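Structure first, then comments.
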Amino acid sequence: MQRYFTNEPISENNTVTITGDDAHHMIQVMRMSPGDQVFVVANNQTYTMEIIDGTSKAVHLVVKEVLAITNEMPKKVSLVCGLPKGDKLEWITQKATELGMFELFPFEAKRSIVKWDNSKNEKKVARLQKIAKEAAEQSHRSTIPQIHNTISLKELVEISKTYDVLYVADEEDAKIEVRQKFAEQLKKNYDKQSILIVFGPEGGLDRAEIKLLLENDFQSIALGPRILRTETAPLYALSAISYEFE
């Protein structure tokens with residue numbers, strides 16, 4: 001069944017109204033009609049609902065079943081990605097959402113070729129949030145990852161203070177003959193709930209950025225012996241975390 005997210009509350013008679021693009025998708029794209037059932041996520045709770053009636057502007061549904069199963073990662077994994085070129089951040093957003101990412105912080109790294117001004121930032125974040133929503137629906141998530149505005153290195157350090165575990169992916173670690181495996185580092189954190197991982201742009205993180213992060217309780221990690229692209233590294237990390245904890 002199709003899955004939709006709504007911010008509308010479930011009424012006392014167990015009904016809800018979905019409007020906007022999702023209503024249009026139900027009626028015009030999926031050609032749904034009264035009696036058809038869908039999954040609806042409201043307040044991080046998933047329901048099986050049945051369409052009562054509707055148009056492409058508003059669809060009225062009634063709750064048929066409350067689902068207890070959640071498909072969320074047992075750890076809240078947040079990604080900080082140095083602004084990459086082209087549509088790479090869109091790719092990261094889509095695939096990382098499928099793999100269980102909790103939230104994403106675009107990062108204005110020193111080596112980021114791309115720069116977002118204030119006008120571009122709002123449009124870019126809205127676009128990425130839409131991609132995250134669609135990917136969350138497709139992968140049957142119970143939550144939509146939040147896409148934040150771009151942050152600076154100083155802001156990153158402040159944000160990091162609210163997380164249990166801090167990692168920074170350092171390509172120099174991959175070049176070391178004897179290195180600590182990422183899986184071994186993960187095994188030490190079964191009692192932790194939130195993880196923040198920083199990834200650089202195409203040129204990697206500047207050594208001064210790495211130094212500052214290490215001075216602020218970040219742990220350096222190597223994602224295998226090979227040097228990964230900026231859009232591949234976050235997906236590698238999420239896959240490793242999923243394997244270890246799920």
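All residue numbers refer to positions in the sequence shown, counting from 1. Computed from a predicted structure; not experimentally measured.
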* Give a yes or no on whether Lys88 atom NZ has more than 12 heavy-atom contacts from other residues, nucleotides or ligands under 6.0 Å away. => yes
Scan the side chains in residues 234-246 for donor-acceptor partners under 3.5 Å anywhere in the protein, sequence neighbours excluded, and list what turns up.
unit_1, atom_1, unit_2, atom_2, d
Ser239, OG, Leu235, O, 2.8
Ser242, OG, Glu246, OE1, 2.6
Glu244, OE1, Lys187, NZ, 3.3
Glu244, OE2, Lys187, NZ, 3.4
Glu244, OE2, Tyr190, OH, 2.5

* **Separation of Glu158 CD from Ser160 OG (nearest 0.5 Å)** => 7.5 Å
* Structure fact -> Value for CD1 (Ile147) from CG (Leu104), rounded to nearest 0.5 Å, stands at 4.5 Å
* Which value, rounded to the nearest 0.5 Å, describes the distance between Asp21 atom CG and Met26 atom CE? -> 11.5 Å
* Asked: Any side-chain heavy atom of Phe5 sitting closer than 4.5 Å to one from Glu137?
  -> yes
* Asked: Hey, are the side chains of Val198 and Leu205 touching, using non-hydrogen atoms and a 4.5 Å cut-off?
  -> yes
Determine all donor-acceptor pairs shorter than 3.5 Å in which one atom belongs to a side chain in residues 38-59; sequence neighbours excluded.
unit_1, atom_1, unit_2, atom_2, d
Gln45, NE2, Leu67, O, 2.7
Thr55, OG1, Lys57, N, 3.2
Thr55, OG1, Ala58, N, 3.4

* Structure fact -> For Val80 and Ile151, the nearest pair of non-hydrogen atoms, with its separation, is CG1-CD1, 4.3 Å
* To do: Could you tell me which non-hydrogen atom of Arg141 sits nearest to which non-hydrogen atom of Arg3, and how far apart they are?
  => O-NH1, 2.8 Å
* Short question: side chain of Glu72, backbone of Thr143 - any donor-acceptor pair under 3.5 Å? -> yes
* **For Ile92 against Cys81, the heavy-atom pair lying closest together** => CG2-SG, 4.1 Å
* Over 12 non-hydrogen atoms of neighbours within 6.0 angstrom of CZ in Arg127 -> no
* To do: List the steps, then state whether side chain to side chain contact (heavy atoms under 4.5 Å, CB included) holds for Glu90 with Leu128.
  => CA-CA 6 Å; Glu90 294 185 4; Leu128 294 175; 3.8 Å; yes
* Asked: Is a side-chain donor-acceptor pair under 3.5 Å present for Ser152 with Glu108?
  -> no
* Should the heavy atoms of other residues, nucleotides or ligands under 6.0 Å from CZ of Arg229 be counted, would the total exceed 12? -> no
* Quick one: does Ile210's side chain get under 4.5 Å of Ser220's, heavy atoms only? -> no
* Asked: Is Glu98 salt-bridged to Lys95, going by a charged N under 4.0 Å from an acidic O?
  -> yes
* Asked: Same cluster or not: are Val66 and Val16 linked, directly or through other Ile, Leu, Val, Met, Phe, Trp or Tyr residues, by side-chain heavy atoms under 4.5 angstrom apart?
  -> yes
* N/O donor-acceptor pair under 3.5 Å between Lys76 side chain and Met73 backbone -> no
* Salt-bridge present (Glu209, Arg111; N to O < 4.0 Å) -> no
* **Donor on one side chain, acceptor on other, Tyr167 and Asn189, under 3.5 Å** => yes
* Could you please spell out the steps behind the salt bridge (charged side-chain N to carboxylate O under 4.0 Å, His left out) verdict for Arg31 and Asp36? => CA-CA 10 Å; Arg31 301 295 182 183; Asp36 287 340; over 6 Å; no
* Does one hydrophobic cluster hold both Ile18 and Ile10, with members joined at side-chain heavy-atom distances below 4.5 Å? -> yes
* What closest approach, in Å, do Gln94 and Ala135 show between heavy atoms, and which atom pair accounts for it? -> O-CB, 3.6 Å
* **Smallest separation among heavy atoms of Thr230 and Pro84, with atom names** => CG2-CB, 4.0 Å
* Over 12 foreign heavy atoms within 6.0 Å of CG, Asn7 -> no
* To do: Give the intermediate values and the outcome of side chain to side chain contact (heavy atoms under 4.5 Å, CB included) for residues Gln193 and Lys75.
  => CA-CA 5 Å; Gln193 294 303 313; Lys75 307 293 182 183; 4.0 Å; yes
* Under a 4.5 Å cut-off applied to non-hydrogen side-chain atoms, are Tyr4 and His25 in contact? -> yes
* Under 3.5 Å, is there a donor-acceptor pair linking the side chains of Thr17 and Glu8? -> no
* **Full working for side chain to side chain contact (heavy atoms under 4.5 Å, CB included) between Leu83 and Leu89** => CA-CA 7 Å; Leu83 289 175; Leu89 200 56; 4.3 Å; yes
* Donor-acceptor under 3.5 Å (Ser78 side chain, Leu196 main chain) -> no
* Going only through I, L, V, M, F, W and Y residues with side-chain contacts under 4.5 Å, is there a path from Leu61 to Met30? -> yes
* Group every Ile, Leu, Val, Met, Phe, Trp and Tyr by side-chain heavy-atom contacts under 4.5 Å, then state whether Phe102 and Phe105 land in the same group. => no
* To do: Look up atom CD in Gln37 and atom CD in Glu65, then write down how far apart they are to the nearest 0.5 Å.
  => 9.0 Å
* In Å, rounded to the nearest 0.5 Å, how long is the span from NE2 of His60 to OG1 of Thr15? -> 9.0 Å
* Could you check if a side-chain atom of Trp116 sits within less than 4.5 angstrom of a side-chain atom of Pro106, using non-hydrogen atoms only? => yes
* Asked: Got Val168 and Ile221 here, is their nearest side-chain heavy-atom distance under 4.5 Å?
  -> no
* Within a strict 4.5 Å, meaning less than it, do heavy atoms of the Val157 and Leu212 side chains meet? -> yes
* To do: Mark yes when over 12 heavy atoms from residues, nucleotides or ligands other than Lys115 sit less than 6.0 Å from its NZ; otherwise mark no.
  => yes
* Structure fact -> Heavy-atom nearest pair, Asn71 first then Ser142, reads N-OG, 4.1 Å
* To do: Could you give me the CA-CA distance, side-chain angles and deciding distance for Val114 and Ser112, then say whether side chain to side chain contact (heavy atoms under 4.5 Å, CB included) is met?
  => CA-CA 5 Å; Val114 173; Ser112 289; 5.6 Å; no
* Do Asp117 side-chain atoms and Lys120 backbone N/O form a donor-acceptor pair below 3.5 Å? -> yes
* To do: Would you mind reporting whether Pro145 and Glu103 have side-chain heavy atoms less than 4.5 Å apart?
  => no
* To do: For atom CG of Asp164, decide whether the heavy atoms of other residues, nucleotides or ligands shown that lie under 6.0 angstrom number more than 12.
  => yes
* Report yes or no: do Leu153 and Tyr163 belong to one cluster of Ile/Leu/Val/Met/Phe/Trp/Tyr joined by side chain heavy-atom distances under 4.5 Å? => yes
* Asked: Atom CG of Leu156 and atom CZ of Phe107: how far apart are they, to the nearest 0.5 Å?
  -> 5.5 Å
* Would you say the side-chain atoms of Asn216 pair up with the backbone N or O of Leu213, donor to acceptor, closer than 3.5 Å? -> no
* **Electrostatic pair Lys133:Asp22 at N-O distance under 4.0 angstrom** => yes
